[in-house]
Amino acid sequence: MPNASILREYGRGAHGFLCLEGLPVLASNRDPTMYEFGARPSTDKELYVSIHSGGHTVSPERYMETVAALQPDLYVTLCDEVTADAKPKRVAASVKRTTAWLEACLRLHATHQQQPQQEQEQQPPPTGPQDAPQAEPADQAPASTSAAGAVRNAADGATASSGGGPLAGSLALAALAGGALPAERTRAAAAVGERDGVGGYALCGLGTGEAPEDRPALIAASLDALPGGSLDSRPVFASGLVSSPEELLEAVAAGVDLLDCAYVAQVTAGGYALTFPLRPPPDWQPAQEGTTSAAADTNGAAAAAAGPAPDASIGADDTKINLWSTSYRLDKGPLLPGCGCFACRHHTRAYTHHLLNTHEMLADVLLEAHNTSHTMAFCQAIREAISEGRLERYRAWFRSLRSAPLVAAPRRGGTAKRRAEGDEEAGTEAGAAAAAGCAAPAGAGRASGPAKWVRV
Amino acid sequence: SDSPALKFKVVAAQGRARSSRMTLPHYTAHTPMFMPVGTQGSVKGLTSAQLADLDCHVILGNTYHLENRPGSELVAEMGGLHGFINWQRGMLTDSGGFQMVSLLHLAEITEEGVTFQSPVDGSRMLLTPEQSIGIQNRLGADVIMALDDVVPTTTNDPARFVEATHRTTRWIDRCIAAHSRPTEQNLFGIVQGGLDPELRRISMEQLVARDLPGYAIGGLAGGESKDDFWRVVAQCTAGLPPGKRRGTGTGASGARPMSKPRYVMGIGYPLDIVVCSALGADMFDSVYPTRTARFGVALVPEGVLKLKNACFARDYRPLDPGCSCPVCARGTPRAYLHNVVTRGLASAAGLVTLHNIAYTQALTRAMRQAIEEQRFPDWVRGYLTTMFPKGDVPGWVRDAMEVAGISLEGVATAPRPPAGRAADREAAEAQGQEGGLGSAEDKGQGQEGGRGLKRAAEPVTGSA
Ligand SMILES: [Zn+2]
Ligand SMILES: [Zn+2]
């Protein structure tokens, strides 16, 4: 994104600038596909970030200027993020800073809510038809318009009384820091609480090296420290913490509502197409009824239900296939039989393999169309399971699919970086992820709780 | 036409320009027509569905690249190029020879064919007319091109042009003999002869005698001056089988030769497309619109927008308010495109590519409509006025329009700009070309460069 002054002059925010009218936009503080941590230490006054245009220092003032120029539906407040291996002292400093910056961000939010945007009134930019066809394959369009509505409703509710400024319709997601230390996460979340102006929460610092199995406890340390009922009306966003479908499912079970597209970008960059099943067969039964912990213990019968084991020699695992494999040279089938996405309806595995092999851009286009569609459908299936009160059963089924221990997709530095350059990160400060296209609104987060996102 | 795989019908003509319907096995294409180049079975990030939405009628595949990867045998097994890339409209493949000569070291033309060094293992390889046609038969495009002996017009060796002209004729006979699918694919011959009108005349006479379904004008767009370029096009469009409408002089019974499509290879600058159409050409291809998009250059009626230019950082207008492509229709600000283009993002190239293809298709569509409504000269005048608001229409365009019978009174009002190479280079600069006409990548028939292949500094033209 260009600097904030250009966006401010433009006056129609990220929606207009990125041609995302009608879609909710979330401005994240972090691009999980390229964020570089701690190239230089931050101070209490400013965050140091290193991005495509070099190193920058970002004060809460500069950060909120940019957020105001983006006019997002949701945004993450400024966070001094640390990686999972950060020393306790560093984590404590990050919590202290992030808490202080939240204070500053909310204060500035109030200012930007009120400030009328002069430029906008003076120079109304040209408007294009909003229902025009998209440059991307149609299937990359958001699958869930209700998610958009929910965000808007939440935003309206939080700011109904505020006046015409650029952030009048924006929801602040308070950054919850604390690294990989549960006690620090609890302390950080308790300090945030339900203070005025907090419209939701962002779990920061996850997906930075902590073991996936430790993650639910870290999420719980943050969310359980919040006052009772505060999550009933506030969404929880998490960036970059998913590198497998299990992790997405477990994050949702732990209370996450919104996730960014890092996982889709990661598998696409590796030449993978997601192929895991989305719904249990109607007659599926857990290996041992009753206890959820037993379901994690995959037994032979459950593994057999998942079908033949994937051929690891051609880069496949239980969740995806690798189209670089020469075994697809003559494969006339779609990426995933039965999938209704654009790529699967129109093109073969053989063609995708050829496009990868010849380094044609279209390979990424097709794989991303499919992987986005599949991930959205996965979220839809999870939402259904939650709203029908059978999430535990769904999780047990999903765990039973794995015939082999979970293998994380290899992170390829080079390709991840290349992918990242295709994303729209907001200048030095905020990564504007198109919430509709990238994030995965799960509708309701807590495993057993009622549907969230209902404004009270 | 009497080809079983091609029906060519001129539906309207005005002056030398004509609007036609070319019925191919897979699609009825409308001409004048621009054909985007899908080098390796894909047009730079666009899906075949998007190409259809952009009103593309025929797209190109490059035989040399496709035979390297994935190979014509595999393509045949996958249902031909149409099935492999899922493109249900028209397709055209080139012979592969030009790419070898322009891309590979040690390529050499002998009577047998084009010999070259394999980029894979360095071994000596040979592409004969028979092999080229065999590969193209397997790829299965609607139009296939003869292997020709193409000599860059900049070569300073008259004897070489004589040899190439006659060899091209000898090779067309070998191509015809090798062509195994004449009822499903159309073999086009390629007129050679450099800049020599007499050689061009001989080449046309010999090729027309073979009564092929269509004819290409080859050897151009390779660095010759614009003056030379348009004169060759004018001579060949006049010399190839006539394009009179049925009932206005051409007996359907065939006392005079039937009308045939005329294809100028390697032409992609919008102004060149307009001039060639005015001179009676029907088909064009070039990587220019897609390649220039990757440099951040957008085609607009006024010329080009070099989006990297700082003046676009705060320009919130769409690329072209009159364009109906998805990028413009959504109002994508130039400032956004400037931002992503200057950072070299792949997504930026995709957006500008989409617009540029839409632009070329809209351009040819507008010409067809103007011809059919018998207002083509007015349309040309309007086009030139928009592009040259100061009236400084280049001299070669003025000369070509005079031959085309289109008056530029009130349009070419400024004194005639200086002619020659410098002016041509300037014009190329204005089209957004990085290195002007001298750039090897823009040479010849505008073919997409091979990735990772060494490129000869000067095209090898073979030895005695
Ligand atoms: Zn699919
Ligand atoms: Zn456009």
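All of these numbers come straight from a predicted model, not from anything done at the bench. All values below were derived from every heavy atom in this structure, side-chain atoms included, with hydrogens, water molecules and symmetry-related copies excluded.
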Test your reading of the model: is there a side-chain donor-acceptor pair from A:Asp260 to the backbone of A:Gly240, 3.5 Å cut-off? yes
Name the orientation class of the two ring planes belonging to A:Phe17 and B:Tyr336 (parallel below 30°, tilted from 30 to 60°, perpendicular beyond 60°). perpendicular
Say whether B:His338 and B:Asn309, considering side chains only, have a donor N or O and an acceptor N or O under 3.5 Å apart. no
Salt bridge or not for A:Glu65 and A:Arg8, using N-O below 4.0 Å? yes
The interface call for A:Leu355 against chain B, heavy-atom contacts under 4.5 Å, is side chain
So which residue, B:Ala349, B:Ala49, B:Pro70, ends up with the most heavy-atom pairs under 4.5 Å with chain A? B:Pro70
Quick one: what part of B:Ala348 sits under 4.5 Å from any heavy atom of chain A, side chain, backbone, both or neither? neither
